[in-house]
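Below, read A as the first sequence line, B as the second, and so on, with proteins coming before strands; counting in each chain starts at 1.
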Number of protein chains: 2
Amino acid sequence: MNEVLELTRVKECSGEYVLAIHDTMNVINGKWKLPIMGSLLYGKKRFKELEREIPGITPRMLSKQLKDLELNSIVKRTVYNTTPVTVEYELTPSGKEFRSVLDVMVEWGMQHRKRVLKKIR
Amino acid sequence: MNEVLELTRVKECSGEYVLAIHDTMNVINGKWKLPIMGSLLYGKKRFKELEREIPGITPRMLSKQLKDLELNSIVKRTVYNTTPVTVEYELTPSGKEFRSVLDVMVEWGMQHRKRVLKKIR
DNA sequence: TATATCGATATACTTTTGTATAGTAGTTAC
DNA sequence: GTAACTACTATACAAAAGTATATCGATATA
């Protein structure tokens with residue numbers, strides 16, 4: 001096989017990978033995105049519900065991060081014209097699928113913890 | 001089944017999960033840890049090699065992040081008493097295992113990108 | 001009339017993270 | 001002797017992220 005072509009393919013491939021990882025990082029960066037997504041995994045939530053469920057978050061941060069998540073198509077915001085307005089946040093299909101990432105993060109985190117504790121004892 | 005006990009178990013469980021995710025986040029936070037780990041996936045590297053391979057990183061950041069990764073048992077630092085000293089960095093078993101997290105991050109990132117593009121077109 | 005709720009936004013501030021630039025001690029090559 | 005390489009460290013600064021606190025208009029409740 002042509003080695004130059006092969007190298008090009010590898011480079012393109014790793015380029016795509018880097019992009020994909022970058023996208024994923026963008027979704028989870030900062031202190032509050034994962035707690036918000038974690039809370040929304042259990043169903044739709046309103047602003048104040050999220051504020052109450054996520055200890056320590058300020059409305060400013062909640063608002064900011066929700067906007068960010070909406071921009072990245074992770075969260076869908078729906079406004080109902082009740083009085084006063086009701087606003088509901090829910091995960092998009094992409095947001096729900098993110099669970100698979102969380103799952104391996106949990107698995108790796110627990111394995112890592114085990115390995116580190118083994119060495120210390 | 002006792003509902004109170006069940007609730008306790010669920011809470012403990014989700015507590016462990018949150019801890020594990022927190023640990024995982026600690027490994028990848030900041031701008032440079034993933035590029036460093038990515039570079040080390042292909043084998044041991046010396047300080048200057050990493051500096052050359054990771055575009056834009058300053059020696060200060062490289063040094064800092066390597067120390068962080070070493071503290072978290074992701075990277076192992078070995079000093080050889082040659083003249084001048086040679087220092088080699090490599091991934092620990094935990095560090096190598098982190099590939100599984102990267103893999104789903106890549107997969108999710110690519111799927112997410114597809115879903116988003118579909119909507120725009 | 002007073003107070004509380006909802007879904008935020010405004011302003012000011014602190015902390016964390018990252019950048020820019022220079023310098024160190026020891027060694028090797030020209 | 002001077003320039004370059006290795007593996008860093010020091011200092012100063014800029015930018016990003018997060019916190020604290022107050023406020024908004026509209027409505028519902030006591």
Side-chain angles (χ1 to χ4, degrees), chain A residues 18 21-40 43-72 74-91 95, chain B residues 18 21-40 43-72 74-91 95:
Chain A
V18 168
I21 290 182
H22 199 265
D23 286 359
T24 309
M25 286 302 286
N26 246 341
V27 166
I28 59 181
N29 68 2
K31 194 177 172 180
W32 300 111
K33 297 223 180 68
L34 286 189
I36 292 170
M37 290 174 72
S39 184
L40 289 177
K44 302 177 174 186
K45 295 275 160 68
R46 294 171 62 183
F47 192 89
K48 280 286 170 186
E49 286 181 282
L50 287 168
E51 202 181 335
R52 276 189 295 263
E53 276 188 21
I54 301 166
I57 199 166
T58 60
R60 182 185 198 262
M61 274 298 118
L62 181 54
S63 171
K64 231 181 176 178
Q65 302 308 315
L66 281 170
K67 260 180 199 152
D68 237 53
L69 289 167
E70 207 194 338
L71 252 168
N72 285 319
I74 307 300
V75 159
K76 191 185 157 203
R77 181 177 182 268
T78 315
V79 185
Y80 299 96
N81 63 340
T82 52
T83 47
V85 284
T86 308
V87 181
E88 270 185 352
Y89 295 93
E90 62 183 311
L91 293 178
Chain B
V18 169
I21 289 181
H22 200 266
D23 286 0
T24 308
M25 287 300 287
N26 247 339
V27 166
I28 58 182
N29 67 3
K31 193 177 173 181
W32 300 110
K33 296 223 180 67
L34 285 190
I36 292 170
M37 289 173 72
S39 183
L40 288 177
K44 304 179 173 186
K45 296 273 163 68
R46 295 171 63 182
F47 191 90
K48 280 286 169 186
E49 284 182 281
L50 288 168
E51 202 182 335
R52 276 189 294 261
E53 276 189 21
I54 301 164
I57 199 167
T58 59
R60 184 186 197 262
M61 275 298 119
L62 182 53
S63 170
K64 231 183 177 177
Q65 303 307 317
L66 282 170
K67 260 180 200 155
D68 237 51
L69 289 167
E70 207 193 337
L71 252 169
N72 285 319
I74 307 300
V75 159
K76 191 184 156 203
R77 180 177 182 267
T78 314
V79 185
Y80 299 96
N81 62 341
T82 50
T83 45
V85 282
T86 308
V87 181
E88 269 185 353
Y89 296 91
E90 63 184 312
L91 294 177

- prompt: With side chains defined as the heavy atoms from C-beta onward, is the minimum distance between A:L69 and A:L40 less than 4.5 Å?
  reply: no
field: Sub-4.5 Å side-chain heavy-atom contact between A:L66 and A:R77
entry: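 No - every pair of side-chain heavy atoms lies 4.5 Å or more apart.
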- line: With five pairs defining each end axis, the helix from C:dT1-D:dA30 to C:dC30-D:dG1 comes out bent, to 10°, by 10°
Toward the 5' end of DNA chain D, by each residue's nearest nucleotide, A:T83 or A:I57: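 Nearest nucleotide further toward 5': that of A:I57.
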query: Considering residues at least two apart in sequence or located in another chain, which fulfil the side chain to side chain donor-acceptor pair (under 3.5 Å) criterion with A:D68?
result: A:K33
Measure the distance from [atom1] on [X] to [atom2] on [N] and round it to the nearest whole Å.
X	N	atom1	atom2	answer
B:W32	D:dA16	CH2	C1'	15 Å
B:K45	D:dT6	NZ	P	15 Å
B:M61	C:dT16	CE	C1'	10 Å
A:K33	D:dG18	NZ	C1'	12 Å
B:N81	C:dG26	CG	P	16 Å
B:Y80	D:dA7	OH	P	12 Å
B:L62	C:dA20	CG	C1'	16 Å
B:D68	C:dT17	CG	C1'	12 Å

message: Checking B:E70 now: which residues fulfil salt bridge (Lys or Arg N to Asp or Glu O under 4.0 Å) with it, not counting sequence neighbours?
response: none
- prompt: Under the salt bridge (Lys or Arg N to Asp or Glu O under 4.0 Å) test, which residues partner A:E88, sequence neighbours left out?
  reply: A:K44
- request: Any chance you could list the contact pattern along nucleotides 4-11 of chain C? Use B for base contacts, S for sugar-phosphate-only contacts and - for none, protein heavy atoms under 4.0 Å, 5' to 3'.
  value: --SBBB-B
With sequence neighbours excluded, tell me which residues meet side chain to side chain contact (heavy atoms under 4.5 Å, CB included) with [X].
X	value
A:R52	A:K48, A:E49
B:T78	B:K76, B:Y80, B:E90
B:P59	B:F47, B:E51
A:K67	A:S63

- prompt: Side-chain N or O of A:K31 less than 4.0 angstrom from OP1 or OP2 on D:dT19?
  reply: yes
